[in-house]
2 protein chains.
Amino acid sequence: MPESHPAPACFPVTVDVVALTVVDDVLNVLLVTRLIEPFRGRLALPGGFVLPGEDLVTAAIRELAEETGVEQVPGHLEQLGSYGPRGRDPRGDVLTVAHLLLAPNFPVLSAGSDAEHAAWYPVGQVLDGELELAFDHGRMLADAVERAKSKLEYSPLGAAFCGDEFTVAQLRTVYEAVWGTRLDPRNFHRKATGTPGFLEDTGRMTTGETGRPAALFRLAAAARPAAGQPIRAVLNPPLMRPRD
Amino acid sequence: MPESHPAPACFPVTVDVVALTVVDDVLNVLLVTRLIEPFRGRLALPGGFVLPGEDLVTAAIRELAEETGVEQVPGHLEQLGSYGPRGRDPRGDVLTVAHLLLAPNFPVLSAGSDAEHAAWYPVGQVLDGELELAFDHGRMLADAVERAKSKLEYSPLGAAFCGDEFTVAQLRTVYEAVWGTRLDPRNFHRKATGTPGFLEDTGRMTTGETGRPAALFRLAAAARPAAGQPIRAVLNPPLMRPRD
DNA sequence: AGGACTTATCGTCACCTTGACAATAAGCCG
DNA sequence: CGGCTTATTGTCAAGGTGACGATAAGTCCT
């Protein structure tokens with residue numbers, strides 16, 4: 001019965017944000033402590049209901065701002081996927097659209113007030129089961145990390161974890177933190193600097209650090225997020241993570 | 001104001017299915033002719049509203065069945081992404097979750113009755129602008145094709161376009177149709193048969209075709225869709241499509 | 001200042017994969 | 001049977017990768 005329009009059912013729709021960053025060479029995720037039921041006191045991804053007249057990305061940005069105080073999107077934001085509506089909220093069916101944010105380590109508003117308290121937590125602690133998240137947020141996080149791992153292979157998005165300018169070593173620690181592996185600094189340097197359209201030498205160097213000063217790079221124009229366009233440049237051949 | 005729960009707004013939610021297949025060496029997409037406004041008479045992706053108590057995949061399978069008569073999912077189905085809710089339906093805000101189906105060329109119920117008439121159309125005609133789809137379905141199709149192109153590179157999903165058993169040449173025409181390029185049969189054969197965990201020789205051969213008989217393969221167990229698990233085996237190193 | 005230490009960067013080399021392409025195999029078709 | 005078509009096996013050079021040696025150029029300590 002193709003034309004069965006049985007009362008176009010409505011669903012509550014939420015957005016959740018899996019915000020990933022690298023803190024001290026370790027991949028971290030932004031979590032908030034829930035102040036209300038269900039899952040009161042449990043850690044959860046930042047998120048909330050999409051408001052009437054709002055778009056998905058708009059809602060994601062707003063929720064992120066509400067829970068961290070960050071006004072501008074501090075990194076790369078993309079849609080991760082939708083979950084539900086069944087069996088993920090004890091209160092009833094809720095459809096949620098998860099988003100993935102890859103960003104440099106930005107400070108979160110530690111309001112400590114009546115607001116939900118947001119903070120960075122090592123991803124490993126969650127995936128290992130040390131921390132259990134509310135709802136199906138654990139699965140979302142797992143999916144997000146897998147997506148991030150994969151993105152680093154063939155897109156220049158590893159740089160989204162760094163600031164505007166960064167050294168090859170900083171970029172390498174991002175890859176190591178996300179992939180959970182060690183990479184040979186010399187081979188990584190060769191690949192990163194040798195891939196056309198990836199990095200652009202700023203001509204400036206680091207100073208004051210221990211060891212030999214390093215050259216500062218930025219993302220090449222081709223690899224930078226263009227207005228409205230998806231990230232264009234592809235790492236080709238990809239920078240594959242070590243398997244097994 | 002983190003605890004702003006301003007009347008958890010509800011949205012109508014639909015699912016759309018971008019069903020892709022290869023017909024005569026050309027990538028095709030399943031489209032229906034709309035019988036009602038808006039976009040009456042225009043071609044559109046099969047889809048419809050998610051019913052109360054239904055999950056996304058369930059709804060996608062149901063809609064596909066309703067518009068084609070196919071009861072079992074004939075190939076690989078995965079979520080593509082969500083679109084909206086704003087500015088995609090003249091009747092108002094509608095959130096839609098697009099799905100991607102990669103399947104062998106299956107016959108569609110040519111009901112011709114009051115049902116929306118589903119049929120295969122060459123993807124190229126749509127992307128070239130010869131055919132214009134309803135809503136934002138053109139963008140969904142573009143995203144779907146891009147996803148399919150990418151999936152063929154590093155997953156064994158190219159085989160989802162073939163039947164249970166297929167020749168290397170059949171698999172190659174899938175790659176050629178999706179990527180829109182020509183591939184060297186000898187190099188493709190080497191890569192396809194030489195990648196561990198990809199293809200499995202059935203021991204049987206084709207007969208009656210023109211030319212030398214070809215060996216019949218099936219997907220190796222590791223590359224077959226496991227219950228509940230995502231497609232496991234990864235083509236490593238990937239089978240990269242030719243760039244530029 | 002000099003030496004130890006640390007990190008950055010450049011080179012080398014063997015191995016693997018890939019793209020281009022020759023050669024052979026094994027069916028149909030007349 | 002000869003011609004045609006497609007399948008499959010090899011060959012070879014170029015390019016990319018992993019492992020690792022060798023320098024370079026700072027900081028830090030004495």
Side-chain angles (χ1 to χ4, degrees), chain A residues 24-25 152-154 158 162 165-177 179 181-218 233-244, chain B residues 24-25 152-154 162 165-177 179 181-218 234-244:
Chain A
D24 293 335
D25 302 357
L152 291 206
E153 293 190 330
Y154 56 88
C162 304
E165 299 190 354
F166 49 87
T167 68
V168 173
Q170 284 166 13
L171 184 61
R172 176 168 48 81
T173 66
V174 165
Y175 277 77
E176 293 179 331
W179 286 347
T181 56
R182 239 62 175 67
L183 298 175
D184 185 290
R186 298 159 290 190
N187 290 338
F188 184 86
H189 187 279
R190 177 182 59 195
K191 177 73 176 178
T193 58
T195 298
F198 186 18
L199 298 186
E200 196 173 82
D201 198 331
T202 66
R204 302 195 299 120
M205 312 281 284
T206 59
T207 68
E209 305 290 315
T210 168
R212 173 175 170 179
L216 282 167
F217 292 84
R218 73 169 72 88
V234 169
L235 259 45
N236 188 15
L239 178 46
M240 300 289 284
R241 68 184 122 159
R243 311 275 171 173
D244 36 282
Chain B
D24 292 336
D25 301 356
L152 292 206
E153 294 190 328
Y154 55 87
C162 304
E165 299 191 355
F166 48 88
T167 68
V168 174
Q170 283 166 14
L171 185 61
R172 176 168 49 80
T173 65
V174 165
Y175 277 76
E176 292 179 330
W179 286 347
T181 56
R182 240 56 176 68
L183 298 175
D184 184 292
R186 298 158 291 187
N187 291 337
F188 183 86
H189 187 280
R190 176 182 58 194
K191 176 76 177 177
T193 59
T195 298
F198 187 17
L199 297 187
E200 197 173 83
D201 199 331
T202 66
R204 301 195 298 118
M205 312 280 285
T206 58
T207 68
E209 304 291 314
T210 168
R212 172 176 170 179
L216 282 167
F217 293 84
R218 73 170 72 89
V234 169
L235 260 44
N236 188 16
L239 178 47
M240 299 290 284
R241 67 185 123 160
R243 312 272 171 175
D244 34 283

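Numbers restart at 1 for each chain; the letters A, B, ... are given by sequence-line order, proteins then strands.
- Atom-to-atom, CG of B:N236 to C1' of C:dT18 comes out at 15 Å; the value is rounded to the nearest Å.
- Summarising the geometry, the separation between CD on A:E209 and C1' on C:dC5 is reported as 16 Å, rounded to the nearest angstrom.
- Here A:H189 does not reach the OP1 or OP2 of C:dA8: none of its side-chain N or O atoms lies under 4.0 Å away.
- Between A:L199 and A:L171 there is a side-chain heavy-atom pair separated by less than 4.5 Å.
- B:L183 has its CG atom 11 Å from the P atom of C:dA20, to the nearest Å.
- Rounded to an integer number of Å, the gap from B:L239 CG to C:dT18 C1' is 11 Å.
- Residues A:P238 and B:M240 approach most closely at CD-CE, 3.6 Å, considering heavy atoms.
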Tabulate below the donor-acceptor pairs under 3.5 Å that side-chain atoms of residues 183-190 of chain B make, not counting sequence neighbours, or state none.
{"residue": "B:D184", "atom": "OD1", "partner": "B:R186", "partner atom": "N", "Å": "2.7"}
{"residue": "B:D184", "atom": "OD1", "partner": "B:R186", "partner atom": "NE", "Å": "3.3"}
{"residue": "B:D184", "atom": "OD1", "partner": "B:N187", "partner atom": "N", "Å": "3.0"}
{"residue": "B:D184", "atom": "OD2", "partner": "B:R186", "partner atom": "NH2", "Å": "3.0"}
{"residue": "B:N187", "atom": "OD1", "partner": "B:R190", "partner atom": "NH2", "Å": "3.3"}

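- In terms of polar N and O atoms assigned as donor or acceptor, the side chain of B:R186 comes within less than 3.5 Å of the base of C:dA22 in a complementary pairing.
- Side chains of B:E153 and B:W179 form a contact here, defined as non-hydrogen atoms less than 4.5 Å apart.
- Atom CG in A:D184 sits roughly 12 Å away from atom P in C:dA8 (whole-Å rounding).
- The 12-atom threshold is exceeded at CZ of B:R243, counting heavy atoms of other residues, nucleotides or ligands nearer than 6.0 Å.
- Counting non-hydrogen atoms under 4.0 angstrom, A:P242 reaches nothing in the nucleic acid.
- Taking every heavy atom of both residues into account, B:A192 and B:F198 meet most closely at O-CD2, 3.7 Å.
- Atoms CD (B:E153) and P (C:dT18) sit 12 Å apart, rounded to a whole Å.
- Counting heavy atoms from C-beta on, the side chains of A:R204 and A:P213 never come closer than 4.5 Å.
- Atom CG in A:N187 sits roughly 12 Å away from atom C1' in C:dC10 (whole-Å rounding).
- Between chain B and DNA chain D, the heavy-atom contact criterion of under 4.0 Å yields a 5' to 3' nucleotide range of D:dT5 to D:dT11.
- Take the nearest nucleotide of DNA chain D for A:K191 and for A:R212: the residue whose nucleotide is more 5' is A:K191.
- Between B:R190 atom CZ and C:dA20 atom P the separation is 11 Å, expressed in whole Å.
- With C:dT6, C:dA26, C:dC13 as the choices, the nucleotide that has an atom nearest any side-chain atom of A:T210 turns out to be C:dT6.
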